Peer 1: 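Got a structure here, written out as structure tokens. Questions coming.
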Amino acid sequence: MSLLTQLGIRYPIFLAPMAGVTTPLLASQVSEAGGLGALGLGACDAFQAEAAIRATQQLTSQPFQVNFFCHRSTPLDPVKSRAWCEYLSAHFTQFGQAVPTQLLAPYASFTDAPELLEVILATRPAVVSFHFGLPPKFILQALQHAKIPYWVSVTRLSEALYAQQQGCSAIIAQGVEAGGHRATFDPLCDAGLSTEELLQQLAPHISLPIISAGGVMTGGQITQLLTQGASAAQLGTAFIACRESAVSDQLRQRLFTANGTQITDVISGRPARGVMGRWQLEIDRPLRPAHADYPYSYALAKQLDKVASAQGVTDYQVCWAGTGVTALRPLDAIPLMQTLIAELN
Ligand SMILES: Cc1cc2nc3c(=O)[nH]c(=O)nc-3n(C[C@H](O)[C@H](O)[C@H](O)COP(=O)(O)O)c2cc1C
């Protein structure tokens, strides 16, 4: 049975789950238009995750995907984090603020938050997907037992083979063009394969449906990936600027005027692609100290943005986006879906 038939949807156009960007309205609009909506819930606690899922279920009876981060959590390394805070201290003092001395993880890994599993079992979304790896076996068994399919993003063949062995019902193959965090299970181990290269490497070895992600902005590109063996494409950047997303007008403006993106690990502590700004140009310098681990670095980045934004300086704001950002179209979700569908053939 094809992936679309399994899901009961019409079009191979999936909204990428994007923490802090996707909303119940955006997810439901994509699902209502015949694609697969998504909620990025990686930065949510159980209360927020349940509220978002239930709000989406109120807006659509069509299926949608919910997504969580599955990073291996590490205790704070005090020496590394102190050095990183010191390195960033001048950026804080220019706004008359002292650099924080304590970094707290801004959210938990799905693996460490059993209450998130409870939310999934209670709300029964059509699919749950994971970024940065899979949770341990007992959680996967609970999902299997509840007949809730699960997917994981992969960036290389070895991760895809592991996903297949762990009972995933599809895999999301994320190419290096993708906006946001690289999905690599190990942040230090990135093959850097493009979306097309990755699909070509996976297709002969993987019997599961493959959902290609990374740099896809048009229906023509989706068709091209389908002819190369993908079952669907997952688009993030293409949907960020939709009015139904959670991004501010200021960030939307930055996306439309962006002239390039770069991967850096200085913002969150894991490699992620975003629009060029102060983080990429001034902070990610050669010979800088090692950043604090993920997600402790992210806590510091968010605090710096808060301090700067309070004084009207917005260029510390994190602006995740893929290489396709320069082809971004100023369309709301439904017209964008209609355009992508029309371009499919
Ligand atoms: C702003 C933004 C936030 C993202 N957040 C998540 C997330 O929370 N979970 C996830 O699995 N992927 C996340 N991603 C990655 C997407 O799932 C997907 O791999 C990527 O958007 C595809 O590339 P594209 O942006 O070029 O379409 C994010 C991407 C962007 C652009």
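Keep in mind the model is a prediction, meaning the values are calculated, not measured. Read the numbers this way: they start at 1 and go in the same order the structure lists the ligands and their atoms.
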Peer 1: Verify whether the ring centers belonging to Phe132 and His181 lie closer than 6.0 Å.
Peer 2: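 Yes, ring centres under 6.0 Å apart.
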Peer 1: Considering Ala321, Ala16, Gly324, which one's heavy-atom position lies nearest to atom 17 (O) of ligand 1?
Peer 2: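 The option holding the nearest heavy atom is Ala16.
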Peer 1: Step through the shown structure and confirm whether more than 12 heavy atoms of other residues, nucleotides or ligands are within 6.0 Å of CZ on Arg54.
Peer 2: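 Yes - once you tally the heavy atoms of other residues, nucleotides and ligands closer than 6.0 Å, there are more than 12.
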Peer 1: Give the numbers and elements of all ligand 1 atoms closer than 4.0 Å to a heavy atom of Ala19.
Peer 2: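 Atoms satisfying the 4.0 Å criterion: 5 (N), 6 (C), 7 (C), 8 (O).
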Peer 1: Check whether any side-chain heavy atom of Thr155 lies under 4.5 Å from a side-chain heavy atom of Val176, and answer yes or no.
Peer 2: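 The answer is no, as the side chains (C-beta and beyond) never meet within the 4.5 Å cut-off.
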Peer 1: Can you list the ligand 1 atoms lying under 4.0 Å from a non-hydrogen atom of Leu235?
Peer 2: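 The list of qualifying atoms is 27 (O).
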Peer 1: For Gly214, state whether at least one heavy atom is located under 4.0 Å from any atom of ligand 1.
Peer 2: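 For ligand 1, residue contact (heavy atoms, under 4.0 Å) with Gly214 is present.
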Peer 1: Give the atom numbers and elements of ligand 1 that come within less than 4.0 Å of a heavy atom of Gly215.
Peer 2: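 Once the distances to Gly215 are compared, the set is 23 (O), 24 (P), 26 (O).
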Peer 1: Mind checking whether Gly42 has a heavy atom under 4.0 Å from ligand 1?
Peer 2: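 Contact check Gly42 vs ligand 1: negative.
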Peer 1: To the nearest 0.1 Å, how far is atom 11 (O) of ligand 1 from its closest protein heavy atom, and which atom is that?
Peer 2: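 The closest heavy atom on the protein side is His131 ND1, 2.8 Å.
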Peer 1: What do we get for Gln174 next to ligand 1 when only non-hydrogen atoms under 4.0 Å count, side chain, backbone, both or neither?
Peer 2: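 Under 4.0 Å from ligand 1, Gln174 contributes side-chain atoms alone.
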Peer 1: Give the numbers and elements of all ligand 1 atoms closer than 4.0 Å to a heavy atom of Phe69.
Peer 2: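 Counting from 1, the qualifying ligand atoms are 7 (C), 8 (O), 9 (N).
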Peer 1: With heavy-atom distances below 4.5 Å as the criterion, would you say the side chains of Trp151 and Phe130 are in contact?
Peer 2: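 Side-chain contact under 4.5 Å: no.
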Peer 1: Tell me the nearest of Arg182, Gln221, Met18, Gln234 to atom 5 (N) of ligand 1, using heavy-atom distances.
Peer 2: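 The residue whose heavy atom sits nearest atom 5 (N) of ligand 1 is Met18.
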Peer 1: Does the distance from a Lys or Arg side-chain N to an Asp or Glu carboxylate O, for Arg273 and Asp190, drop under 4.0 Å?
Peer 2: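 Not counted as a salt bridge, because no side-chain N and carboxylate O are separated by less than 4.0 Å.
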Peer 1: Should Arg288 and Glu86 count as an ion pair when the cut-off is N to O under 4.0 Å?
Peer 2: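 No salt bridge links Arg288 with Glu86.
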Peer 1: With atoms numbered from 1 as shown, which atoms in ligand 1 lie under 4.0 angstrom from a non-hydrogen atom of Trp320?
Peer 2: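 So the atoms of ligand 1 that pass are 1 (C), 2 (C), 31 (C).
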Peer 1: Quick one: are Tyr107 and His71 in side-chain contact, heavy atoms under 4.5 Å?
Peer 2: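 Yes, at least one pair of side-chain atoms sits under 4.5 Å.
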Peer 1: Is the closest basic N to carboxylate O distance between Asp305 and Lys302 below 4.0 Å?
Peer 2: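 So Asp305 does not pair with Lys302 through a salt bridge.
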Peer 1: Only one of Trp84, Trp279, Tyr316 clears ring pair (Phe, Tyr, Trp, His ring centres under 6.0 Å) with His91; which?
Peer 2: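 Filter result, single survivor: Tyr316.
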Peer 1: To the nearest 0.1 Å, how far is atom 21 (O) of ligand 1 from its closest protein heavy atom, and which atom is that?
Peer 2: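 Here the closest protein heavy atom is Gly236 CA, 3.4 Å.
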Peer 1: Relative to atom 14 (N) of ligand 1, which among Ala38, Ala246, Pro17, Ala272 owns the nearest non-hydrogen atom?
Peer 2: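 Minimum heavy-atom distance to atom 14 (N) of ligand 1 goes to Pro17.
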Peer 1: How close does the nearest protein non-hydrogen atom get to atom 25 (O) of ligand 1, and which residue and atom is it?
Peer 2: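 That would be Thr237 OG1, 2.6 Å.
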Peer 1: How far is atom 9 (N) of ligand 1 from its nearest protein heavy atom, and which residue and atom is that?
Peer 2: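 Protein heavy atom with the smallest distance to atom 9 (N) of ligand 1: Asn67 OD1, 2.8 Å.
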Peer 1: Is there a side-chain contact between Val318 and Leu251 in this structure, where contact means two heavy atoms from C-beta onward sitting under 4.5 Å apart?
Peer 2: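 Sidechains of Leu251 and Val318: no contact.
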Peer 1: Just to be sure I'm reading this right: ignoring hydrogens, which of Ala233, Gly179, Ala213 gets closest to atom 20 (C) of ligand 1? Compare them by their nearest heavy atoms.
Peer 2: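 Among Ala233, Gly179, Ala213, the closest heavy atom to atom 20 (C) of ligand 1 belongs to Gly179.
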Peer 1: Counting heavy atoms only, which part of Phe130 comes closer than 4.0 Å to ligand 1: side chain, backbone, both or neither?
Peer 2: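 The answer is neither.
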Peer 1: Salt bridge check, Asp332 against Arg243: does any charged N sit closer than 4.0 Å to a carboxylate O?
Peer 2: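 Looking at Arg243 and Asp332, the cut-off is met.
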